[in-house]
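Step one of this worksheet: look at the structure below.
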Number of protein chains: 2
Amino acid sequence: MARGGTRSADDWVDAAYERFDAGGLGAVKVEAVARDLGTTKGSFYWHFADRPALVRAVTVRWEARETDRFIARAERPGGSPQERLARLFSEVAERNRVRDGEAALYREAEAEGVADIVRRVSERRVAYLAELIGALGIEVGEARRRAVASLAMVLGMQQLAHVRYEAHVDEAALTATALAMATSGVVAS
Amino acid sequence: MARGGTRSADDWVDAAYERFDAGGLGAVKVEAVARDLGTTKGSFYWHFADRPALVRAVTVRWEARETDRFIARAERPGGSPQERLARLFSEVAERNRVRDGEAALYREAEAEGVADIVRRVSERRVAYLAELIGALGIEVGEARRRAVASLAMVLGMQQLAHVRYEAHVDEAALTATALAMATSGVVAS
DNA sequence: ACCTGAACACCGTTCAAGT
DNA sequence: ACCTGAACACCGTTCAAGT
């Protein structure tokens with residue numbers, strides 16, 4: 001909102017979200033956001049109980065957007081389950097390259113008190129993956145195990161990327177590996 | 001060291017390491033460690049340039065211990081490569097349950113400026129895994145790809161555990177999955 | 001050579017006082 | 001109803017002064 005005017009809680013979340021996008025939840029600082037908004041941090045406490053409340057609002061917004069993207073992906077027509085899985089993994093691999101706020105989320109979730117939200121998103125991802133794998137004719141329990149294992153591998157690759165461990169495994173190999181885990185099923189029951 | 005006496009840099013690292021063990025690198029706070037040692041934080045700056053130097057010393061110590069454990073494992077006689085791999089993965093799965101300082105390391109490494117050390121440890125883990133897989137008669141490039149993929153999956157499961165996402169996949173299943181990835185080779189090249 | 005104590009910066013939080 | 005400004009706590013950092 002314009003300097004000098006009055007602000008809503010939403011304006012605070014907008015400004016905080018920009019900082020989150022750039023630097024993760026750790027960059028969501030009351031004083032800094034107040035500066036961005038051209039107001040004082042004292043005014044922040046009119047709208048929110050404390051910093052954790054703001055961090056939580058930002059994460060909830062991230063969850064909503066993540067869900068939208070999920071639905072958009074699922075709704076998009078075209079293709080066998082295999083093709084959809086391939087599309088999904090290749091999008092994930094591509095986003096892996098960008099070190100944005102989301103990339104930091106799993107790392108920061110616990111310290112910032114939003115582990116529950118990240119857990120919820122994880123469950124959605126697993127459910128969606130399991131659904132696609134199930135569409136290949138795989139039994140439901142096995143489909144879930146494969147979904148968890150391939151999600152875990154993708155998250156692990158993200159972590160290795162965080163410490164800049166390249167491991168000579170590129171985007172294409174990551175995509176192929178995740179797809180192979182999902183479709184050819186290496187997961188023991 | 002006893003209160004009132006004089007302290008060495010090592011004493012500071014000892015005390016800081018205890019805090020790391022309990023709460024990760026984030027718990028390594030100059031003021032708190034000074035309190036533990038019964039001295040003032042001002043005195044800290046005689047021994048160290050700043051907090052990052054202390055954090056780095058703690059991580060270097062962690063690396064040394066991690067290496068020791070690695071060597072101990074590798075040297076331990078007995079068993080085919082398969083048996084050693086199984087032992088390795090089951091130990092990792094077991095440690096996954098404990099939420100200690102190490103569990104937080106990958107998350108915090110970048111923010112704390114010790115990504116290089118964690119990267120080095122990752123490379124050792126991959127090299128060791130690749131060596132065992134290579135002993136199964138697998139070609140060297142393929143062995144490395146399998147090593148990276150199985151390490152990534154284990155790290156990813158750790159992350160999911162951090163947000164307490166259980167996913168109905170237990171320790172035994174994790175072990176079996178990692179082993180299957182390493183030995184039966186789902187990784188596309 | 002090693003430490004204390006006071007000072008400052010930065011950020012989260014509270015609150016009396018203003019509009 | 002919403003905000004300012006000052007205050008305090010906590011922690012990292014510096015430094016003059018002490019032993």
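Lettering of chains follows the sequences in order, A, B, ..., and the numbering in each one begins at 1. Bear in mind that the values here come from a model prediction, so they are computed numbers and not experimental data.
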Checklist line | A:Arg35 side chain near C:dC11 phosphate (N/O to OP1/OP2, under 4.0 Å) | finding: yes

Next item on the list: Please state how far atom CG in B:Asp11 lies from atom C1' in C:dC2, giving the value in whole angstrom units.
Entry: 13 Å

Margin query: Consider side-chain hydrogen bond (donor to acceptor under 3.5 Å, both in side chains). Of B:Thr6, B:Asp11, B:Asp10, which one does B:Ser8 pass it with?
Written below: B:Asp11

Check: Mind checking who D:dC15 pairs with, Watson-Crick or G-U wobble, both distances under 3.5 Å?
Finding: C:dG5

Check: Is A:Asp36 close to A:Glu18 at the side-chain level, that is, under 4.5 Å between some pair of heavy atoms?
Finding: no

Notebook entry, point to check: Has B:His47 got a side-chain N or O lying under 4.0 Å from the OP1 or OP2 atom of C:dC3?
Noted result: yes

Next item on the list: Rounded to the nearest angstrom, tell me the gap between atom CG in B:Leu37 and atom P in C:dT4.
Entry: 11 Å

Check: Does A:Arg7 have a side-chain nitrogen or oxygen under 4.0 Å from the phosphate oxygens OP1 or OP2 of D:dC2?
Finding: no

Check: Which nucleotide, D:dT14, D:dC3, C:dG12, lies nearest any side-chain atom of A:Tyr45?
Finding: C:dG12

Checklist line | Spacing of B:Leu160 atom CG and A:Arg119 atom CZ [to the nearest 0.5 Å] | finding: 11.0 Å

Next item on the list: Could you tell me whether the phosphate oxygens of C:dC3, OP1 or OP2, come under 4.0 Å of any side-chain nitrogen or oxygen in B:Thr6?
Entry: yes

Notebook entry, point to check: Rounded to the nearest Å, what distance is computed from the CZ atom of residue B:Phe44 to the P atom of nucleotide C:dG5?
Noted result: 19 Å

Next item on the list: Measure from NZ on A:Lys41 to P on D:dA6 and round the result to the nearest Å.
Entry: 12 Å

Notebook entry, point to check: Of B:Thr39 and A:Pro52, whose nearest nucleotide on DNA chain C comes first from the 5' end?
Noted result: B:Thr39

Check: Is the Lys NZ or Arg CZ of B:Arg61 less than 6.0 Å from the centre of B:Phe20's six-membered ring, within 45° of the axis?
Finding: no

Next item on the list: Would you kindly confirm whether A:Trp46 and A:Trp12 end up in one hydrophobic cluster when ILVMFWY residues are joined by side chain heavy atoms under 4.5 Å apart?
Entry: no

Item checked: Watson-Crick or G-U wobble partner of D:dC10, both distances under 3.5 Å -> none

Notebook entry, point to check: How many Å lie between CH2 on B:Trp12 and P on D:dG12, as a whole number?
Noted result: 11 Å

Check: Hey, which of A:Asp116, A:Val28, A:Val121, A:Val114 is the one that makes side chain to side chain contact (heavy atoms under 4.5 Å, CB included) with A:Thr59?
Finding: A:Val114

Next item on the list: Strictly below 4.0 Å, heavy-atom distances to any atom of DNA chain D: list the hits from residues 26-33 of chain B, or just say none.
Entry: B:Lys29, B:Val30, B:Glu31

Check: With respect to the side chain of A:Ser43, which nucleotide from C:dG12, D:dC3, D:dG12 is positioned closest?
Finding: D:dC3

Margin query: Using the rule side chain to side chain contact (heavy atoms under 4.5 Å, CB included), only one of B:Thr39, B:Val33, B:Leu54 pairs with B:Phe44; which is it?
Written below: B:Leu54

Item checked: Among D:dC11, C:dC3, C:dT13, the one nearest A:Asp50 by side-chain distance -> C:dT13

